[in-house]
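In what follows, chains carry the letters A, B, and so on, assigned in the order in which the sequence lines appear, proteins first and then strands, with residues in each chain numbered from 1.
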Amino acid sequence: MTEIASKKISTQVDRQFEIIRRGTAEVISEEELKSKLAKSIETGRPLKVKEGFDPTAPDIHLGHTVTLRKLRQFQDLGHEVIFLIGDFTGLIGDPSGRDTQRKRMTPEEVQQNAETYKKQVFKILDPDRTTIDFNSRWLKEMTFEDVLGLCAHCTVARILERDDFLNRYRSGKPISMLEFLYPLAQGYDSVALEADVELGGTDQKFNLLVGRELQRDYGQEPQVIITMPLLVGTDGTEKMSKSTGNYIGINEAPKEIYGKTMSIPDEAIYDYFLLLTDLSHPQLDEIKRDLQKGEVNPMEHKKALAHKIVTIYCGREAAEQAAGEFEKVFGRKELPDEIPLFKIQSERDSLWIVRVLTGSGLCSSSGEARRLIAQGGVYVDGERIDSVDSELDISRERLIKVGKRRFLKVVSDKVGTASGGKA
RNA sequence: GGAGGGGUUCCCGAGUGGUUAAAGGGAGCAGACUGUAAAUCUGCCGGCGAAGCCUUCGGAGGUUCGAAUCCUCCCCCCUCCA
C-alpha cells in the first residue's frame, strides 16, 4: 500500500471514530475499534454491529433510541447492523427477576412483537442495512452438552461480579439459574453472529464483556463493545423504562412527546441533547454553559429540545404544532386546539358532578373526583367547582378542565347527537 | 436432608391481637408559586352519593367479641449447615 493510501485510510478511520465515540460511556477498546475500522475501510467489508433486544416490550421509547441512533450512525458510515431479538428466553419464559409475571411466549407472539419492533425501529434505522435476527435460531438447536460446554467458560465468581447480581445476592433477592446463564447466552449470540461490535447501555457492560471472552475462547477476534449512558426518564432519576412509567414513546402523539419532554427536570436537559440529538460539540458546550450560568432560562433550551425530538419522530410541522399548543395551554393558559367531546348517557338534563367526572373517564373513581374537586382542580366552563355536591346541567355542551392538562367537552347523550357538537 | 428468616397497599418498607385503610419514603395527582407538564412549598393518595359501609396485608381453613398480627395446612423466596 502506498503511503498516500494508508494516510487516506487513517483519516477516514479518525473521522468514523470521532462520530462513533460521541456520547458513548465507554468503548472497549478504542484501539481495537480503530483497527477494525481500518480493516473494514481497507477491505470494503462493513463491520457487523449487533445489539440485542428483549422480545417482550415492543414499545420503543427515547431510552432505546440512544443506542439505536448510535447504530444508525454506524449504518451511515456504511456498516451493517444486526438487530437481534432475544426471543429464546421469551420462548422459555423466565420466571425470575423483578418481573415475576413474565410468562412464556408463543412463537406467534414473538413474531408479532418482532413486527411491531420493525415498524418502530425503522423510524431510526436504515432498513437496507439492517438484519433482523432471532437468537432462538441457534440457541434452540444447542444440546445440553453444548450448554455445558458453554458454561465451562465462565466461573460463578465471575458471574457474581455483575453488579446487579451481587446486589440481589447480598440483599437476599432471588436469582434463577436461567438468569445466571443469561450472560452466557447473550455472549454466545456474538459468537454465532461473529459480531465485530456490540452496543448496549452501561448496564449491559458485563454481558457485552462475556461476549468478548467467549468469542476469544471460540477462536474469534473479540468484539468491540460500546456502552451508552442510560437515559434518565421524565422523573429525572430513574432510568427510562416502560415499567416505571417515566418514558417517552416515539410512537406517541407529538404533543405528548413535546409535553413530556418539557416535564423533564432542568438538570436532564444537557444529557437529552447529548444523547437524543445530533448537536455538535460546540453547540452542546454552549448549552452546558447557559445552563450553568443560569442567565438563559432553561425553559428555552428545553423547548428547543422538545421541538427537535418531535421533529425527528413526527416531522417539523408536527413539532411546530406541538410547540404552539404547549405555549397556548401552559404559557397562556388557554384552551387546546382540539378537545374531544364525550356524550354521557343520561335521561336527565342534570347530573351530579362526580358522576360526570367518573362517567366520562376523566376520573377513575369517585374518590378521585371528590379529591380533585376538594383541591380546586376541577373547572367547568372556566369556573372552579367548589362543591362536591354540585349538579351539572349537561343538556348543553360543557367544557370540563381537570388539573392543568385534562380537557373534555361533555354533553348529555340526549342532545348533540345530530349536531356532532362541533366547537 | 437439617436449622432459621421472610412474603404488607403502584414500588420500597414499618407494623406482631383492638387506637390500623395500615408509619415512613418514592412514584403519581392537585393547589400555590413560577420563565416550563423544571425546581420549591402545601395537600391528597383502596372502593362506595361517603353517615357509615365494603374490600385489602402470599393462598385456604381455624381460634377470638375482634386478626396483617395467634394456630393448622399449602405455595413461593432467602440464609446457614450437609
Side-chain angles (χ1 to χ4, degrees), chain A residues 95-101 165-177 179 232-248 252-273 287 290-291 294-307 309-310 322-334 336 346 348 350-359 362-379 384-392 400-407:
Chain A
S96 60
R98 334 222 114 191
D99 187 4
T100 41
Q101 303 302 54
F165 278 162
L166 191 59
N167 287 339
R168 271 160 68 186
Y169 189 67
R170 281 199 182 131
S171 60
K173 298 240 174 71
I175 306 171
S176 75
M177 288 297 285
E179 286 181 282
V232 294
T234 49
D235 58 307
T237 46
E238 299 283 321
K239 160 188 166 189
M240 184 177 284
S241 85
K242 197 178 175 183
S243 54
T244 41
N246 60 0
Y247 71 101
I248 307 176
E252 293 190 67
K255 66 175 178 187
E256 283 300 307
I257 298 181
Y258 191 97
K260 283 188 178 181
T261 304
M262 289 305 290
S263 82
I264 65 168
D266 292 350
E267 296 74 59
I269 294 174
Y270 177 81
D271 281 345
Y272 270 53
F273 268 116
I287 289 167
D290 282 350
L291 291 172
E295 283 166 17
V296 178
N297 182 355
M299 179 182 66
E300 295 307 326
H301 282 304
K302 213 195 286 185
K303 280 181 182 169
L305 171 70
H307 190 281
I309 293 173
V310 176
E325 176 108 348
F326 187 85
E327 207 55 43
K328 202 170 174 182
V329 177
F330 300 106
R332 302 195 296 273
K333 307 254 186 278
E334 292 170 12
S346 166
R348 293 187 297 135
S350 173
L351 209 57
W352 182 37
I353 181 69
V354 171
R355 188 63 57 236
V356 174
L357 291 172
T358 53
L362 278 165
C363 297
S364 59
S365 70
S366 73
E368 188 193 359
R370 285 163 184 276
R371 185 180 114 221
L372 253 11
I373 294 167
Q375 291 182 140
V378 177
Y379 291 79
R384 180 178 273 176
I385 301 293
D386 50 16
S387 164
V388 174
D389 300 316
S390 304
E391 291 281 321
L392 194 61
I400 304 181
K401 179 185 182 192
V402 177
K404 290 191 185 70
R405 42 187 277 258
R406 269 180 277 175
F407 297 90

Return the nucleotide paired to B:rG49: Watson-Crick means purine N1 to pyrimidine N3 with N6-O4 or O6-N4, wobble means G-U with N1-O2 and O6-N3, both under 3.5 Å. none

Under a 3.5 Å cut-off for both distances, is B:rA60 Watson-Crick or wobble paired, and to whom? B:rU72

Tell me which nucleotide, if any, is Watson-Crick or G-U wobble paired with B:rU16 when both distances must be under 3.5 Å. none

Taking pairing as Watson-Crick or G-U wobble with both contacts under 3.5 Å, can you name the mate of B:rA67, or confirm there isn't one? none

Would you classify A:Gly403 as touching base, sugar-phosphate or nothing, given that sugar-phosphate means primed atoms plus P, OP1 and OP2, and contacts are heavy atoms under 4.0 Å? sugar-phosphate

Does B:rA22 have a Watson-Crick or wobble mate here (both distances under 3.5 Å), and if so which one? none

Would you mind reading off the distance between A:Leu291 atom CG and B:rU36 atom P, rounded to a whole angstrom? 17 Å

Residue-phosphate contact under 4.0 Å: A:Arg355 side-chain N/O, B:rG49 OP1/OP2: yes

Send over the distance from A:Asp266 CG to B:rA37 P, rounded to a whole Å. 11 Å

Send over the distance from A:Lys401 NZ to B:rA37 P, rounded to a whole Å. 10 Å

Looking at A:Thr234, I'd like to know whether one of its side-chain N or O atoms comes within less than 4.0 Å of OP1 or OP2 on B:rA37. no

Hey, which sits more toward the 5' end of RNA chain B by its nearest nucleotide, A:Thr237 or A:Phe326? A:Thr237

In whole angstroms, the gap separating P of B:rG28 from CG of A:Asn246 amounts to 8 Å

In whole Å, what is the span from the CD atom of A:Glu368 to the P atom of B:rC29? 10 Å

NZ of A:Lys303 versus C1' of B:rA38: gap in Å, rounded? 12 Å

Across the strands shown, which category fits A:Tyr169 at heavy-atom distances under 4.0 angstrom: base, sugar-phosphate, nothing? sugar-phosphate

Distance check needed: B:rA37 P versus A:Lys328 NZ, whole Å only. 17 Å

Under the criterion of centre distance below 5.5 Å and interplanar angle below 30°, is A:Phe330 classified as stacked on the base of B:rA37? no

Does a side-chain heavy-atom distance below 4.5 Å link A:Arg405 with A:Val329? no

Establish, with yes or no, whether the OP1 or OP2 oxygen of B:rA38 is under 4.0 angstrom from a side-chain nitrogen or oxygen of A:Ser263. no

I'd like to know whether A:Thr244 forms a side chain to side chain donor-acceptor pair (under 3.5 Å) with A:Glu238, so could you lay out the CA-CA distance, the side-chain angles of the two residues, the decisive distance to 0.1 Å, and finally the verdict. CA-CA 8 Å; A:Thr244 41; A:Glu238 299 283 321; 5.7 Å; no

Could you state the CD1-P distance from A:Ile264 to B:rA38, rounded to the nearest angstrom? 11 Å

Donor/acceptor link under 3.5 angstrom from A:Arg371 side chain onto base of B:rA30: no

Which residue lies more 5' along RNA chain B, comparing A:Thr358 with A:Tyr379 via nearest heavy atoms: A:Tyr379

